[in-house]
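Here's the structure, in C-alpha cells; my notes come after.
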Amino acid sequence: MSKPLRAAVYGLAVGDALGVPYEFKPRGTFTVEGMDGYGTHNKPAGTWSDDTSLTLATCASIKALGRVDTGDIGARFREWQQSGAYSVDGVFDIGMTTATALYKGMGQEDEMSNGNGSLMRILPLAFTEATEADTRAVSAITHAHSISMDACVNYVAIARALASGSSISDAVDSAPGFGGANANASSLSEMGKEEVRSGGFVLDTLTAALWCLLGTRCYRDCVLEAVRLGGDTDTTAAVAGGLAGIVYGFGGIPPEWLSRLRGKGIIEACLF
Ligand SMILES: [Mg+2]
C-alpha cells in the first residue's frame, strides 16, 4: 500500500465530510471550525459523500485488477448508485451527469455536462501508471466532454508532481494545459476570494481547490478555507483535501477529524 495514496484518500474523505453539512450554503452565511454533523443532508459528523464513495470504488477496482479498467470501474459505480456499495449508510448525494451516465451506460459529452463529478473521483489514478488517455477514459465513464477530461488530466498531473516532492507552485505550473493563458500558480495566488467561484463547474472547482492549497500552509487551513467558500463545499474541500493530504501527509490531518471520520474500515479495504 502506497503511503501517499493513503494520505490522499483520507485527505479527500476528511475534506468531503467537513463540507457535507454545508453543501449548497452560500459563502458568508455560516461558520465552520471543524467536523460538524447534520445540516444540509442531516448526517452525523464524519459522514462522507459521493466524492469519497466514487474515489473508493475506483481504488477498489485498481486493487482488484492491478490495472485501470473503465468497464470494471463503471460497474462498481453502478453498484454504489444502486445498492450503496462504498458508502457508510447509503447514497444521499449524486450529481445529475453521473446519474444519467450510469443509467444510460454512456458518459455525457455535451458542454453542459461539465460539473465536477469526475474531477472529484479521479485522484487514485495519480498513484498508477495511467496515461493521459487512461485518465480521460476514466473521466468519460460519466463526464466525456473535453473540459472535464482535461481538468482530470491536470489534477492527476498536479497530484503526481506533489507526490514526487515538487513545491505546490511548481506542481501547478508543471501541469499540462493548466499553466496556460491565465491560470498559473502566481495568477491563482493573486486572486481575491471574491473572484474564486465555488459552484459545481469543474474548472471553478479545480481553480478554487488550487487557490486554497496555494494560499494556506497546513491541511487544516486548506480544507477549512475550501468549505468556507460555500456552494459545493464538500467537493471543493474533497478536491483540495486530496492534494493537501499528499502535501502534508497522513500525519498532517488533524487526529480529532480522523477519529470522527465514519467508515474508516470501508476506506482501508479499498486502498491499494
Ligand atoms: Mg458530495
Side-chain angles (χ1 to χ4, degrees), residues 8-27 30 32 35-59 73 76-82 84-102 108 113-124 139 141-143 148 151-152 155 197-206 208-209 212 222-245 257 260-263 266-267 270:
V9 170
Y10 274 96
L12 184 148
V14 168
D16 181 4
L18 286 167
V20 161
Y22 301 102
E23 191 177 10
F24 311 125
K25 295 198 175 171
R27 190 177 303 176
F30 62 94
V32 53
M35 191 69 88
D36 301 327
Y38 305 99
T40 302
H41 297 285
N42 200 31
K43 292 286 176 186
T47 306
W48 33 267
S49 69
D50 51 348
D51 314 63
T52 303
S53 292
L54 292 170
T55 296
L56 293 177
T58 304
C59 284
I73 294 171
R76 288 169 195 266
F77 289 176
R78 274 182 285 279
E79 230 188 303
W80 163 76
Q81 180 189 30
Q82 290 163 11
Y86 312 104
S87 71
V88 179
D89 43 21
V91 178
F92 61 91
D93 191 17
I94 183 166
M96 185 90 75
T97 298
T98 295
T100 304
L102 294 180
Q108 302 299 288
S113 295
N114 279 308
N116 49 29
S118 63
L119 179 69
M120 71 187 193
R121 59 166 173 78
I122 205 73
L123 189 54
S139 173
I141 295 169
T142 55
H143 293 65
S148 285
C152 289
Y155 185 68
R197 291 192 288 258
S198 51
F201 176 49
V202 64
L203 289 185
D204 288 344
T205 304
L206 182 55
C212 292
C222 177
V223 289
L224 285 178
E225 185 76 294
V227 176
R228 287 169 183 155
L229 289 174
D232 202 350
T233 49
D234 60 319
T235 299
T236 309
V239 171
L243 298 182
W257 292 354
R260 300 198 83 178
L261 191 70
R262 302 179 69 205
I266 303 169
I267 297 175
C270 295

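Order of listing sets the numbers, starting from 1, for every ligand and every atom in it.
For Glu23, the side chain to side chain donor-acceptor pair (under 3.5 Å) partners at least two apart in sequence or on another chain are His41. Scanning for side chain to side chain donor-acceptor pair (under 3.5 Å) contacts around Asp204 gives Arg197, with sequence neighbours left out.
Side-chain contact of Thr142 with Arg121: a donor-acceptor pair under 3.5 Å is present, judged by distance alone. Checking Asp234 against Tyr22 by side-chain atom types alone, no donor-acceptor pair falls below 3.5 Å. Residues Thr47 and Arg262 bring a donor and an acceptor atom of their side chains to less than 3.5 Å of each other.
The existence of a salt bridge linking Asp89 and Lys43 is confirmed by a sub-4.0 Å separation between a basic side-chain nitrogen and an acidic carboxylate oxygen.
Among the backbone and side-chain atoms of Asp232, none of the N, O or S atoms lies under 2.8 Å from the Mg ion (ligand 1). Here Asp16 does not reach the Mg ion (ligand 1): none of its N/O/S atoms is less than 2.8 Å from the metal. Residue contacts to the Mg ion (ligand 1): Glu23 brings no N, O or S atom closer than 2.8 Å. When distances to the Mg ion (ligand 1) are checked against a cut-off of 2.8 Å, Thr52 contributes no N, O or S atom below that limit.
Between the OD2 atom of Asp93 and the OD2 atom of Asp234, the angle centred on the Mg ion (ligand 1) amounts to 100° when rounded to 10°. With the Mg ion (ligand 1) at the apex, Ser49 OG and Asp50 OD1 define an angle of roughly 90° (rounded to 10 degrees).
Its N, O or S atom nearest to the Mg ion (ligand 1) is what matters here, and for Asp51 that atom is OD1.
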